[in-house]
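As structure tokens, the structure follows; a few thoughts come after it.
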2 protein chains.
Amino acid sequence: MRVNIGEIARRAGVARSTVSYALTGKRPVSEETRQRIQAVIEELNYRPNAAARALKEGRTRTIGLVIPPASQRLTDMQLGFVATVVDAAARADLDVLLSPSGGEHERSFERVVTGRRVDGVILMEIRLEDDRVTRLRQSGLPFVGIGRTSHPEDMTWVDVDYETLISQCVHHLADLGHRNIALVNRSAELVAAGYGPGHRAQAGFTRAVAQRDLHGVHACCADDAQAGLSCVERLLAEHPELTAIATINETAITGMYRALAQAGLAVPKDFSIAGVAAQHLAENLDPPLTSADVPTIELGARAVELLIQRIADPGSTHRHLLAAPPISLRGTTGPAKPRA
Amino acid sequence: MRVNIGEIARRAGVARSTVSYALTGKRPVSEETRQRIQAVIEELNYRPNAAARALKEGRTRTIGLVIPPASQRLTDMQLGFVATVVDAAARADLDVLLSPSGGEHERSFERVVTGRRVDGVILMEIRLEDDRVTRLRQSGLPFVGIGRTSHPEDMTWVDVDYETLISQCVHHLADLGHRNIALVNRSAELVAAGYGPGHRAQAGFTRAVAQRDLHGVHACCADDAQAGLSCVERLLAEHPELTAIATINETAITGMYRALAQAGLAVPKDFSIAGVAAQHLAENLDPPLTSADVPTIELGARAVELLIQRIADPGSTHRHLLAAPPISLRGTTGPAKPRA
DNA sequence: TTGTATGCGTTATCAG
DNA sequence: CTGATAACGCATACAA
């Protein structure tokens, strides 16, 4: 079963190099021998050994995708990125090696980065200060971030412009007359760890609140429905003046809806809510969420594209893509109505 | 930057083999030289080249995970499998190569199977008759199915016992007095293509309906909320006698809820619904779904475990794990109440 | 305890 | 147009 290029050459009565060239087309091979070789290859179902090829060529035709550890469930948006990255990579005949990073899986990341297992890396869930970025940088391995650090100039990335988007959400709510708005962020641990979207969303929120002279409340919330429920319960109790929420925590939204319903608040009649979410999720919520739909497909595909360019020319200048999709109105926001 | 074992040996003033042995521990190395070597390794941040090692050892320390093509969104259950497989593999110091199969991505699957890129494969979303199983079998590559074909004896797999579980759902509903029950299956295309869970759920449904002398309706439904909505709308219109639904289509459930609400049917007062779903999803629905919670974590981890065994001893007898978790009552089922 | 030599399967270089 | 041969980086049997 272990058929190699030498065996093909022997059976076809040619040299190993001829088989190689017949395969890669990097030098002319007469039609006759080409066909003879092709016949043997198909008969034995031969395929070049990837490890040998990688060793010789110095490239693996594989990219690494570093994801948050699986233990904490991925968000819909993250899943969208994984799916489209895999898809775009397959389209370019690249394989994808998955590496859960963070927590207990440092070894996996280390293997990917330093074992020459991949030609480049796509890094998700980047912190403002991120050790992995430092590691990748010093390793010299080409990489692209889905997300960016606080010094984003000297790396290549695609990202969602949470700052602008949350700001737009607030302005949209303010236009509807809301004066007391809460931002429901991701988990406190994540924000404390310097999670970029969390900080940037907060910055955008603060800015817009100041611009419109509103009263803003900031709350962190873990990534699940239960947390969303208790977070909003608490917000409603502690801040009876609130009439709207802006959020980047898509996983907690169903819980927020539930808390509002339990408090007897109808959306959007009594309370408005807008956010940044994966389009698929926003559309499938009940009611569908007014949100800035993150174009995960485009971003994921672009990340792969940028990585391929970067692998081809590691010295090229860094490129960036900051996505700020428009807000899709789906009916979870309406005119402000003061609460009791 | 291209530091190899020879460079380490040179700087440490030893032979290449000594470095290798110091690394693998497969032969004693004096503490002194060991430390000297270690120092150089850390200084240069050396890590063995994975391709060279794979070429020499004949194994890659990588497993392949074949997933449904990314274009069609993965279900929560599938995502649970991916996450736990990656996690369990990382724990065993194995990397995971992702391969979307089906549709336009045949090349990716072919590369994984035949290019010696992985030591074994975990195959998801298996059909009753599945070409990929045939390919894997003839390739001699160890593999484990999450799911099984119609001839499951001669392969290793873990699976969810949809037949038993849907049967139990029906019995549970019958116990509550329901006499007219619908099964909402996955999409018609999937079922037509011989998708195992779809067929087995239908078998279990038919069996239980016969055993309890009920009236059963079978409906296929695409994997999204919109489809769930229109599917249930249609069911309610065409079968006014229905009072309950059993389903394996977790992605469509929010849509089903919406259709029931729009028809003025309260769950569980006027209408009952039970299903097979990922625990996380069932718990986070509103209302939380009474369902058999598929233990994705255990199944995923077991699949990796079985694959590791199979790689170690490819000749060993095939093992199987059929999971039939108990139904968790979460309040979406209640006594039958005849509809108008 | 350490060093030397060989081969894993490819592709590139050099001859012809 | 084709053949022989030398690397790629590592692990191991063999020799010392």
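Every chain is numbered from 1, with letters handed out A, B, ... down the list of sequences. These values consider heavy atoms only, across backbone and side chains, with no hydrogens, waters or symmetry-generated copies.
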Compare the minimum distances between each of [options] and the side chain of [X], then state the nucleotide with the smallest one.
X       : options                : answer
B:Tyr21 : D:dT2, D:dT12, C:dA12  : D:dT12
B:Ile5  : D:dT2, D:dA11, C:dT2   : D:dA11
A:Arg27 : C:dT1, C:dT13, C:dT2   : C:dT13
B:Lys56 : D:dG3, C:dC8, C:dA12   : C:dC8
B:Leu55 : D:dG9, D:dT12, C:dG3   : D:dG9
A:Tyr46 : C:dA12, D:dC10, C:dT10 : C:dT10
A:Arg16 : C:dT13, C:dT11, D:dT12 : C:dT11
B:Ala15 : D:dA11, C:dG3, D:dC8   : C:dG3
A:Asn49 : C:dT10, D:dC10, D:dT12 : C:dT10

If you compare every side-chain N and O of [X] against the phosphate oxygens of [N] (OP1, OP2), does one of them come in below 4.0 Å?
X       : N      : result
B:Lys26 : D:dA11 : no
B:Thr18 : C:dT2  : no
B:Arg53 : D:dA11 : yes
A:Ser30 : D:dT2  : yes

> B:Ser20 near the nucleic acid: base, sugar-phosphate alone, or nothing, with a heavy-atom cut-off under 4.0 Å?
Replying inline: base
>> Need one value for A:Gly13: base, sugar-phosphate or nothing, where a base atom within 4.0 Å counts as base even if backbone is also close, heavy atoms only.
In response: sugar-phosphate
> Between A:Asp119 and A:Arg61, is there a donor-acceptor pair closer than 3.5 Å when you use the side chain of the first and the backbone of the second?
Replying inline: yes
> Under the 3.5 angstrom rule, does the side chain of B:Arg137 hit a backbone N or O of B:Asp154 as a donor-acceptor pair?
Replying inline: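 Checking the backbone N and O of B:Asp154 against the side chain of B:Arg137, a donor-acceptor pair under 3.5 Å is found.
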> Can you name the residues that form a salt bridge (charged side-chain N to carboxylate O under 4.0 Å, His left out) with B:Arg59, not counting sequence neighbours?
Replying inline: B:Glu57
Distance, rounded to the nearest Å, where [X] contributes [atom1] and [N] contributes [atom2]:
X       : N      : atom1 : atom2 : value
A:Arg34 : D:dC1  : CZ    : P     : 13 Å
A:Glu57 : D:dG9  : CD    : C1'   : 15 Å
A:Arg36 : D:dC1  : CZ    : C1'   : 13 Å
A:Arg10 : C:dG9  : CZ    : C1'   : 16 Å
B:Leu23 : D:dT12 : CG    : P     : 12 Å
A:Ile37 : D:dT2  : CD1   : P     : 8 Å

> Taking atom CD1 of B:Ile297 as the centre, does the number of heavy atoms from other residues, nucleotides or ligands within less than 6.0 Å exceed 12?
Replying inline: no
>> Taking side-chain contact (heavy atoms from CB on, under 4.5 Å) as the criterion, tell me which of B:Thr24, B:Ile5, B:Thr33 meets it with B:Val19.
In response: B:Ile5
> Nearest nucleotide by nearest heavy atom, which residue falls closer to the 5' end of DNA chain C, A:Arg47 or B:Glu31?
Replying inline: B:Glu31
> Is the base of C:dT1 touched by the side chain of B:Thr33 through a donor-acceptor pair closer than 3.5 angstrom?
Replying inline: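 Answer is no: no donor-acceptor pair is held.
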> Do the side chain of B:Ser17 and the base of C:dA5 come within less than 3.5 angstrom through a donor-acceptor pair of N or O atoms?
Replying inline: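 Counting by modelled atom types and ignoring angles, no donor-acceptor contact under 3.5 Å is found here.
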> Which of these, B:Arg148, B:Gln309, B:His318, B:Arg319, sits in a side chain to side chain donor-acceptor pair (under 3.5 Å) with B:Thr156?
Replying inline: B:His318
